[in-house]
Amino acid sequence: MTNENTALQAYLERPLPDLMSELALYDETTRSPADTWQKIAGPVRQRICVEWNWCEIRQDPRLENDYELGVAILIVLTTRVLHLPLDVDLTLIAAILVKRGLDAFCGCP
């Protein structure tokens, strides 16, 4: 198991508020975890919802398991450079997306 996979598994075992608090540590100017999330949500939404087309591929049975979904998200986020305003751990972002729910994040019908 790679370091990213081990980290992903550990993140998925933690509650979402803990993950959001950890995300806020990457931003020295933040007032709250929600502020930090807002700074990165646009580019992440573009990559996951538009380029990867989550609302269409969500039917893939291989993505029903949270861990496998997290690995797939991590691959999509790292396939090519993702320009984020903060230098954040993409494994943490993948876990947050799994916990938040991609359907809601992408506004799937």
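Here, residue 1 is the first one in the sequence, and each next residue gets the next number.
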- Item | Member of T6, D18, D89 meeting the side-chain contact (heavy atoms from CB on, under 4.5 Å) criterion with Y11 | D89
- Nearest-0.5 Å distance that lies between atom CG in D27 and atom CH2 in W37: 13.5 Å
- Minimum heavy-atom distance T30-A24, with the two atoms named: CG2-O, 3.6 Å
- Message: Between L25 and V88, is there shared hydrophobic-cluster membership here, with clusters defined by ILVMFWY side-chain heavy atoms closer than 4.5 Å?
- Response: no
- Query: Any side-chain heavy atom of H83 within less than 4.5 Å of one from R47?
  - Reply: no
- Task: Give, for atom CZ of R62 and atom CG of L69, the distance between the pair rounded to the nearest 0.5 Å.
- Result: 12.0 Å
- Message: Please give me the minimum heavy-atom distance between A94 and L77, naming the atom from each residue.
- Response: N-CD1, 4.3 Å
- Distance col, row E13:CD vs D66:CG, nearest 0.5 angstrom, shows 11.5 Å
- Excluding sequence neighbours, so at least two apart, what forms side chain to side chain donor-acceptor pair (under 3.5 Å) with D103? W54, R58
- Message: If the condition is side chain to side chain donor-acceptor pair (under 3.5 Å), which residues does R31 pass it with, not counting sequence neighbours?
- Response: none
- CG of L19 to CD1 of I93, rounded to nearest 0.5 Å, is 9.5 Å
- How far apart are the closest heavy atoms of L8 and G70, and which atoms are they? CD2-C, 3.5 Å
- Message: Do I73 and L102 make a side-chain contact, defined as non-hydrogen atoms from C-beta onward lying under 4.5 Å apart?
- Response: yes
- Message: For E51 and T79: C-alpha separation, side-chain torsions, deciding distance, then whether side-chain contact (heavy atoms from CB on, under 4.5 Å) applies.
- Response: CA-CA 11 Å; E51 295 171 20; T79 300; over 6 Å; no
- Apply the test side-chain contact (heavy atoms from CB on, under 4.5 Å) to residues T36 and I40: give CA-CA distance (whole Å), side-chain angles for both, the deciding distance (0.1 Å), then the verdict. CA-CA 7 Å; T36 304; I40 65 168; 5.5 Å; no
- Message: With disulfide (SG to SG under 2.5 Å) as the rule and sequence neighbours excluded, what pairs involving residues 29-81 come up?
- Response: C49-C106, C55-C108
- Do the side chains of L84 and V44 get nearer than 4.5 Å, heavy atoms only? yes
- Task: List the steps and the verdict of side-chain contact (heavy atoms from CB on, under 4.5 Å) for Y67 and N5.
- Result: CA-CA 9 Å; Y67 176 75; N5 293 1; 3.1 Å; yes
- About how many Å separate NZ of K99 and CZ of R14, when rounded to the nearest 0.5 Å? 9.5 Å
- Item | T29 side, atom OG1; D35 side, atom CG - distance, nearest 0.5 Å | 8.0 Å
- Task: Decide yes or no for L92 and Y26: does some side-chain heavy atom of the first lie under 4.5 Å from some side-chain heavy atom of the second?
- Result: yes
- Query: Quick one: are T78 and L82 in side-chain contact, heavy atoms under 4.5 Å?
  - Reply: no
- Query: Is a side-chain donor or acceptor of R100 paired with a backbone partner of L16 at a separation under 3.5 angstrom?
  - Reply: no
